[in-house]
Amino acid sequence: MFIVSFIGVLASLRDNLTLLKVFMYTLTVCLILELLGGILALVFRNQTVELVNKNIQRGIVNYYDDLDFKNIMDFVQEKFKCCGGKEFKDWSVNMYHNCSAPGPLACSVPYTCCITTKPNEVANTLCGYKMLEKERLDLINDIHIRGCTDAFFIWLMDNYKIMAGLLLGILLPQFFGVIVSWLYITRVEDAISEYGHYMDGLLETQNREAKRHGRMAKWFKCMPDID
């Protein structure tokens, strides 16, 4: 978006029709793609959820190797009180948390899946020990058994007003930019068709005044020339 914005600023400063059209068409394509992506995600909701779950499982496989994903996953599990992607058993795909793995993490889940009863409680990093061996109903008081994908969509439904405002805040400036660009292009094209070139009204007035003073200086030699 920085490049697109730079093109728009440069085009408006230079009154360059080509750059103005590139800016407008690029902004229009981005807006259409965002709307199309949102509509497709809603229409094919089940496929979207499956795709998200697969990506989360792929990230869980490299949980301890990818620190960025680890930090994001830990934050999501604590924020939305969830565990794994589709369910808590997703952690079995990790080589350290798989029940066949050696070590203290075998058959366990990360501590961010655990239920905390007190605020600012010091986390027990082994609170998820052997949780993958137990049944879902036996873990209600120990860990969050809901998957993070379902928890996130539930949060979206509960906060639809905030999400609607966020979407409008993203889409409306782009739509406004397309309209303003189109109006500006129309103005430049009208000026070119009428005068053969385009010049801002203020600059045109200054140029006219300079020419008038220049002619007066020729009539009156005592007057200095104005650059």
Side-chain angles (χ1 to χ4, degrees), residues 1-4 24-99 107-116 128 131-179:
M1 290 304 294
F2 172 77
I3 297 176
V4 176
M24 184 183 70
Y25 293 145
T26 304
L27 209 58
T28 303
V29 170
C30 290
L31 183 61
I32 292 173
L33 289 177
E34 290 172 3
L35 291 173
L36 189 61
I39 294 172
L40 290 176
L42 290 175
V43 173
F44 301 100
R45 182 178 180 276
N46 294 332
Q47 290 83 348
T48 303
V49 171
E50 284 297 324
L51 180 62
V52 173
N53 287 332
K54 287 181 180 179
N55 287 328
I56 292 177
Q57 285 187 350
R58 193 178 297 115
I60 288 176
V61 171
N62 302 309
Y63 177 72
Y64 291 103
D65 299 323
D66 189 346
L67 291 180
D68 291 333
F69 177 82
K70 183 180 184 298
N71 292 331
I72 293 173
M73 194 66 190
D74 288 341
F75 171 79
V76 170
Q77 290 185 149
E78 289 181 332
K79 173 68 176 180
F80 296 103
K81 301 185 185 305
C82 57
C83 188
K86 188 176 182 180
E87 59 175 352
F88 70 97
K89 287 187 180 293
D90 287 346
W91 284 102
S92 62
V93 300
N94 184 275
M95 61 182 297
Y96 299 104
H97 291 280
N98 191 278
C99 291
C107 246
S108 66
V109 295
Y111 71 93
T112 51
C113 289
C114 296
I115 296 174
T116 55
M131 293 296 174
L132 293 178
E133 290 181 344
K134 300 179 182 180
E135 295 298 325
R136 187 183 183 91
L137 294 178
D138 297 333
L139 302 173
I140 293 178
N141 298 322
D142 298 321
I143 65 172
H144 302 292
I145 57 177
R146 176 184 292 161
C148 289
T149 305
D150 291 336
F152 178 70
F153 279 108
I154 291 172
W155 181 85
L156 288 181
M157 297 301 295
D158 292 339
N159 299 273
Y160 67 93
K161 292 182 180 180
I162 297 176
M163 296 307 300
L166 182 63
L167 289 175
L168 287 177
I170 295 173
L171 297 177
L172 279 182
Q174 295 183 42
F175 179 75
F176 180 73
V178 172
I179 297 299

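All values below come from the heavy atoms of this structure, side chains included, with hydrogens, waters and symmetry mates left out. Owing to the predicted nature of the structure, the values given are computational and were not obtained by experimental measurement.
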Problem - Pairing of Lys70 and Asp66 as salt bridge, 4.0 angstrom limit - result: no
Completion exercise
Minimal heavy-atom distance between Pro173 and Leu168, with the atoms involved, is CD-O, 3.7 Å
Problem - Spatial distance of atom NZ (Lys79) from atom CZ (Phe152) [nearest 0.5 Å] - result: 11.5 Å
Handout entry: Distance-minimising heavy-atom pair for Ile60 and Asn94
Key = O-ND2, 2.7 Å
Practice task
First locate atom CG of Leu31, then atom CD of Glu34, and finally report the distance between them rounded to the nearest 0.5 Å.
Solution key: 6.5 Å
Exercise for the section: Fit a plane to each ring of His97 and Tyr64, take the angle between them on a 0 to 90° scale, and name the class: parallel (under 30°), tilted (30 to 60°) or perpendicular (over 60°). Expected result: parallel
Practice task
Test Trp91 against Tyr63 for side chain to side chain contact (heavy atoms under 4.5 Å, CB included), laying out the working first.
Solution key: CA-CA 10 Å; Trp91 284 102; Tyr63 177 72; 3.4 Å; yes
Handout entry: Validation row: Asn141, Ile115 side chains within 4.5 angstrom (heavy atoms)
Key = no
Completion exercise
Output for pair (Leu139 CG, Glu133 CD), nearest 0.5 Å, gives 11.0 Å
Problem - Val93 backbone acceptor or donor facing Asn98 side chain under 3.5 Å - result: no
Handout entry: Heavy-atom closest pair, residues Glu50 and Lys86
Key = OE2-NZ, 4.5 Å
Exercise for the section: Can you measure from CG (Leu156) to CZ (Phe153) and round to the nearest 0.5 angstrom? Expected result: 6.5 Å
Practice task
Please check if the side chain of Asp90 supplies one atom and the backbone of Gly85 the other of a donor-acceptor pair under 3.5 Å.
Solution key: yes
Problem - Closest approach of Cys114 to His144 (non-hydrogen atoms, all atoms of both residues) - result: O-NE2, 3.6 Å
Handout entry: Nearest heavy-atom neighbours spanning Leu27 and Val178
Key = CD2-N, 3.8 Å
Exercise for the section: Measure the distance from the SG of Cys82 to the SG of Cys148 and say whether it is below 2.5 Å. Expected result: yes
Problem - Flag if over 12 foreign heavy atoms under 6.0 Å of CE, Met95 - result: no
Practice task
Can you establish whether the number of heavy atoms outside Lys81 located under 6.0 Å from its atom NZ is more than 12?
Solution key: no
Problem - Worked check of side chain to side chain contact (heavy atoms under 4.5 Å, CB included) between Asn55 and Arg58 - result: CA-CA 5 Å; Asn55 287 328; Arg58 193 178 297 115; 2.6 Å; yes
Exercise for the section: Rounded to the nearest 0.5 Å, what's the gap from CG on Asp142 to CZ on Phe88? Could you check? Expected result: 10.5 Å
Practice task
Could you tell me whether a side-chain N or O of Glu87 sits under 3.5 Å from a main-chain N or O of Ile145, the two making a donor and an acceptor?
Solution key: no
Exercise for the section: Could you tell me the separation between the OG1 atom of Thr28 and the CG atom of Leu33, rounded to the nearest 0.5 Å? Expected result: 10.5 Å
Practice task
Measure across Lys134 and Asp138 and return the closest heavy-atom pair with its distance rounded to 0.1 Å.
Solution key: CB-CB, 4.5 Å
